[in-house]
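Contents: one structure, followed by commentary.
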Amino acid sequence: MRVRGHFMDINKFSPKFKVSSPNLINLSRLTTEDIFEYLYAAKALKTKYRAGENPALLKHKTIALLFGNVSTRTRISFEMGIRQLGGDFLFLPKGETQLSRGESIRDTAAMFKRYGFSALILRAFSTEEIETFAKYSGLPVINGISENAHPLQILSDLFTIWEHKGKLENLKLAYIGDGNNIANTLLMGCAKCDMNITLASPNNYRPSESMLERAMQYADIQLTSDVREAVQNADIVYTDVFISMGDAESEEKKRVLRRYRVTEELMSLAKPDALFMHCMPVHRGEEVTEEVLDGPQSIVYEQAENRLHLNKAALALLVK
Ligand code: CP
Ligand code: NVA
């Protein structure tokens with residue numbers, strides 16, 4: 001059943017700086033209003049940051065970062081963002097906790113509040129595990145990437161698109177490549193903001209059927225294996241690595257995806273003012289050529305910077 005038809009223009013939205021969900025686990029659970037709240041909060045905090053102001057929103061708060069996999073942007077932008085907002089954090093590599101020796105998530109989660117934490121940021125846990133953390137910790141829980149979702153990245157990317165294009169609705173985003181955690185989350189984020197999405201992925205590497213079905217309730221989504229067709233009339237061309245966290249290394253997968261590399265020639269088929277986006281880290285020359293990555297249409301470093309502002313917004317909205 002199609003639930004679209006009530007879409008709002010983000011520029012006419014009046015933020016209340018409140019969200020309806022106490023956690024940020026994936027975008028399927030957020031309303032369009034919630035998404036806009038995160039984007040407006042990021043905008044406000046970025047404006048303040050640029051003016052040299054850092055509101056002490058996290059004074060006397062300590063945030064736990066429990067990571068089961070490596071990270072550059074997510075970890076750094078949270079650690080710096082928390083400092084800038086006057087708070088404190090503890091970085092906990094999962095492998096150095098008793099979780100790595102079989103202690104249950106339920107027992108681990110139960111002690112975070114008792115030690116005085118105010119929120120929990122998790123990387124490389126399944127949706128079910130994240131929900132268990134939320135249930136037994138009683139704290140706001142933020143997904144810093146799971147096998148099929150990266151909500152912070154996509155909220156941040158929607159913010160970056162809004163900054164560049166001045167709107168979200170009716171823009172066309174073409175995603176080229178593996179139907180991974182980024183593709184799954186982009187589908188839902190763009191669909192809920194009334195954007196048009198075309199996905200060019202090989203048949204065996206498409207996003208999950210359930211995510212496609214859910215996103216199709218909100219927007220028209222085109223699926224193709226033809227990259228040239230996908231980028232026609234696109235305002236944004238987005239790609240990501242061929243092998244994601246948790247995926248097995250596969251030469252066969254890389255071989256199949258080679259046809260899905262973003263090149264200058266492919267970019268020339270999109271709109272002349274199309275943006276090139278990538279969540280990073282990039283495998284230079286593999287999923288995108290260096291000419292595109294370092295070229296004038298690329299906004300990848302701005303995307304990376306905006307993770308700082310969006311992460312701060314997430315904490316500002318969720319931490320009580
Ligand atoms: N984009 C992103 O989440 O980067 P990291 O894996 O470096 O955190
Ligand atoms: N799809 C990538 C995203 C990294 C932020 C991965 O999972 O490695």
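Residue numbers run from 1 in the order of the sequence given. Worth saying up front: this structure is predicted, and the values here are computed from it rather than measured. For the numbers below, each heavy atom of this structure counts, side chains included, while hydrogens, waters and symmetry mates do not.
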Is it the case that over 12 heavy atoms from other parts of the model lie below 6.0 angstrom from the [atom1] atom of [X]?
{"X": "Glu209", "atom1": "CD", "result": "no"}
{"X": "Met111", "atom1": "CE", "result": "yes"}
{"X": "Lys165", "atom1": "NZ", "result": "yes"}
{"X": "Arg106", "atom1": "CZ", "result": "no"}

Self-check item: Hydrophobic cluster membership, Met277 vs Val262, 4.5 Å side-chain cutoff
Solution: no
Quiz item: Under a 4.5 Å side-chain heavy-atom rule over Ile, Leu, Val, Met, Phe, Trp and Tyr, are Ile121 and Phe117 clustered together?
Solution: no
Quiz item: After noting the C-alpha distance and the side-chain angles of Lys46 and Lys312, does the key distance pass the side-chain contact (heavy atoms from CB on, under 4.5 Å) rule?
Solution: CA-CA 9 Å; Lys46 183 171 182 176; Lys312 285 161 80 172; over 6 Å; no
Quiz item: Phe78 and Phe89: aromatic ring centres closer than 6.0 Å?
Solution: no
Self-check item: Proximity of His309 and Tyr49 rings by center, below 6.0 Å
Solution: yes
Can you find a side-chain donor-acceptor pair between [X] and [Y] that sits under 3.5 Å?
{"X": "Ser244", "Y": "Asn180", "answer": "yes"}
{"X": "Arg214", "Y": "Gln217", "answer": "no"}
{"X": "Arg123", "Y": "Thr74", "answer": "yes"}
{"X": "Asp226", "Y": "Thr224", "answer": "no"}
{"X": "Asn306", "Y": "Glu163", "answer": "yes"}
{"X": "Asp107", "Y": "Tyr136", "answer": "no"}
{"X": "Asn143", "Y": "Ser146", "answer": "yes"}
{"X": "Asn11", "Y": "Lys167", "answer": "no"}

Quiz item: Looking at Tyr218, is Lys192 sitting on its ring face, NZ or CZ under 6.0 Å from the six-membered ring centre and within 45 degrees of the normal?
Solution: yes
Practice problem: Please state whether the rings of Tyr40 and Phe13 are parallel, tilted or perpendicular, taking 30° and 60° as the class boundaries. | Solution: tilted
Exercise. Go through the steps for Glu79 and Arg75 under the test salt bridge (Lys or Arg N to Asp or Glu O under 4.0 Å), then give the verdict.
Key: CA-CA 6 Å; Glu79 292 192 358; Arg75 177 178 176 179; 2.9 Å; yes
Quiz prompt | Pair Glu290 + Arg284: basic N to acidic O under 4.0 Å | solution = yes
Self-check item: Leu27 side chain reached by Leu155 side chain, heavy atoms, under 4.5 Å
Solution: yes
Self-check item: Ser225 to Arg206 - nearest heavy-atom pair and separation
Solution: N-NH2, 4.5 Å
Quiz prompt | Asp34 versus Val19, closest heavy-atom pair with distance | solution = OD1-CA, 3.4 Å
Practice problem: Decide salt bridge (Lys or Arg N to Asp or Glu O under 4.0 Å) for Lys271 and Asp235; before the verdict, give the C-alpha distance in whole Å, the side-chain angles of both, and the deciding distance to 0.1 Å. | Solution: CA-CA 6 Å; Lys271 282 191 180 163; Asp235 298 285; 2.9 Å; yes
